[in-house]
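Report on one structure; see the data block that follows.
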Amino acid sequence: MLTVVEKTPVSVEAKPVLRVEGLKAYYQMNYFGVRREVRAVDDVSLTIKRNEIYGIAGESSSGKSSLIKTIAGAITPPLRVVEGSVKFDFGGKELDVYAQRPAMKAARWKHLSYVMQGSMNVLNPVRKVKHAFHDFAFKHMGLSEGEFRAKVESHLQRIGLDPRVLESYPHQLSGGMRQRLTIGLATVCEPEFIIADEPTTALDVLVQQDVLALIKGVQQRMGSSIIFVTHDMTVHAAIADRIGIVYAGRLVEEGLTLDVFQRPQHPYTAHLIASLPRIGDTRKRVALGGKPPNLADPPSGCRFHPRCPLAIDKCKTDNPPLEARNNGRVACWRAGEMEAA
Amino acid sequence: MTALLELSDVNKDYRIGGFLDRSTLHAVKHVSFTLEEEKPEIFTVVGESGSGKTTTARMILGNETPTSGSLRFMGKDIAAIRSRKERLAFMAKVQPIFQNPFEAFNPLTTLDYYLFSTARRFLGLKDKAAVEAATDKSLQHVGLSLAEVRGRYSHELSGGQLQRIAVARALIPGPKLIVADEPVSMVDSSLRMSIVNLFRELRDNLGVSIIYITHDLSTAYYISDRVIIMHKGDVVEAGRAADVLGNPSHEYSRALRNAVLPPDPVIASAIIREKLRAF
Ligand SMILES: Nc1ncnc2c1ncn2[C@@H]1O[C@H](COP(=O)(O)OP(=O)(O)OP(=O)(O)O)[C@@H](O)[C@H]1O
Ligand SMILES: Nc1ncnc2c1ncn2[C@@H]1O[C@H](COP(=O)(O)OP(=O)(O)O)[C@@H](O)[C@H]1O
Ligand code: SF4
Ligand SMILES: [Mg+2]
Ligand SMILES: [Mg+2]
């Protein structure tokens, strides 16, 4: 077994395992001599506690993947951190992701694992699946070859894969099987912090439940923390302790899962919850009016104002700060009134 | 009525394993169904991963030949399409949208190139302005515009944006049938709705039939006319969407339906906790 840094007893007061402060990460590009900046992560601050599952929700191209990539320290140009910091605390040792690159590299897989969006495509097409496990995990686990193989096989079985997949090539497996494999890879070392981008979106509903239960199980057994991204609100409903809602590169609301579903505080969140499809209901749903904002040229003031049914003049000019309210945080000039309604 | 697409007793086997442990995998078994030309519909294929959905789609697109059985498009055997000209005419009428937008576009090529070459190839357009107009029109259908897409690479866009571009590309040739393999699995719920609503409009306004492959039962219920459920290569249930999904009779379709998590934190998290205990 891999010995991870000892677990501190869980308490709400315990030092957060992740602290993101004023994080700005932009894609900086040159288009025919014209500088272009996509402000994909714009001033995000959040903390994640030990033993917590934190879900990030938001529409497509709102910057979810960019945010989580930046937190994972896995960014490549043109994406750059412009301001702010990302700090982990692994067993009392602070790790500043953008100040301590080499230490960060060493923490990969062992303390921290990152499952990218569409990561089912990262498996090397000309090598059997077993080699991927060997490459990524063997040296971190301190097991003999035989023990390692047995461990990997039982782990695969738990996530609903026949261990014989180890002997296959990626192209022989369906998309769902490949996605389960990458989750298997990320969890086989049982790291303290798991970062996952859309970990279950490619899976069918039956497998999805198994994978969600698996993620929850690993998290409970190890006391790990998880930050994951998905646009699928039912996945948040199923496993997240807290949810952060991202709109146009900004965190606009954060709260306990139940609160976010039952008493959304931000008009965008309210829309998101109301638009959820439910079986047995074929009423035509209205999609949110207007276009998703262009992050190269985001709307002024509150970025949601062109699509917001509650917008007032002030919203067009002034950016509402993310402030504590009702056990959570919300960035909306009219949050107080929403509550009254 | 004439058949737009007719599958009769289609089977596909794959040989798997190395030299010593060869075996046969029956990816698709005895699949038959017909779509009528006069009655455009949204025909949904539901099933767990590995159940043979993509393999079926690939055979309909002519990218894979069946081991036995036949697939006919407008009376013609798809496997018998040989000449370049015939192939092009077929592809204009039957357009794919793939599961993973990250796989569908080559990262080294700009996205507008795909759209322009589709317009040139299938619409026979030569004039630059006409090519751009056709491209812009189909991008507008999916809530984008050429101005936003021009010169950009796939990795510069999010998963959802890419998928909308894939739908736009499929619309350019003016197809009769769109085969969409899990087109919304990478897309958020509000966009998901706008894409499936778009399918509905394509059916009603343009008379396009859609084979919608998904494991998202809520959108399946919401837009499908007919549904088949696949399980390990077999069609285990087929019928009107309301009957199959609203009142499933086969054990597997029941399990599939009951596995849909409700968007309710109290119920959904209880289901996962229950599942966890079973491990
Ligand atoms: N390599 C890149 N270069 C330039 N712009 C990029 C790049 N990657 C992403 N972007 C842009 O940054 C914005 C945020 O993208 P991101 O991938 O973070 O979205 P997302 O919220 O994860 O969306 P989805 O749910 O569709 O995956 C988008 O406008 C996207 O076009
Ligand atoms: N090229 C291939 N070689 C061998 N096996 C394959 C190949 N393509 C698919 N399969 C297998 O066929 C079965 C059906 O796969 P697929 O049609 O992709 O399922 P779905 O799309 O329903 O997830 C799976 O067991 C898969 O592993
Ligand atoms: S600040 Fe104004 S525009 Fe923004 S969400 Fe609140 S009411 Fe709507
Ligand atoms: Mg993403
Ligand atoms: Mg598939």
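Order of the sequence lines fixes the chain letters, A, B, ..., with proteins taken first and strands second; residue numbering starts at 1 for each chain. Just the heavy atoms: all of them, side chains too, but no hydrogens, waters or symmetry mates, feed the values below. All values derive from a computational prediction rather than experimental measurement.
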Where do B:P263 and A:A237 come nearest, in terms of heavy atoms and distance?
C-CB, 4.4 Å
Would you find more than 12 non-hydrogen atoms of other residues, nucleotides or ligands less than 6.0 Å from A:R80 atom CZ?
yes
Spatial distance of atom CD (A:Q262) from atom CG (B:D264) [nearest 0.5 Å]
7.0 Å
Okay, A:L212 and chain B: the region with an atom under 4.5 Å from a heavy atom over there is both
Rounded to the nearest 0.5 Å, how far apart are CZ of B:R273 and CD of A:Q220?
9.0 Å
Where A:T234 and B:A268 come nearest, the two heavy atoms and their spacing:
O-CB, 4.5 Å
Atom NZ of A:K130 with >12 non-hydrogen neighbours under 6.0 angstrom
yes
Could you tell me if the side chain of B:E148 sits less than 4.5 Å from the side chain of A:N294, heavy atoms only?
no
What I'd like to find out is whether the side chain of B:L261 reaches to under 4.5 Å of the side chain of A:Q208, using heavy atoms alone.
yes
Greater than 12 external heavy atoms within 6.0 Å of B:K232's NZ
no
To check you understand the geometry: which heavy-atom pair defines the closest contact between A:A238 and B:I272, and what is its length?
CB-CG1, 3.7 Å
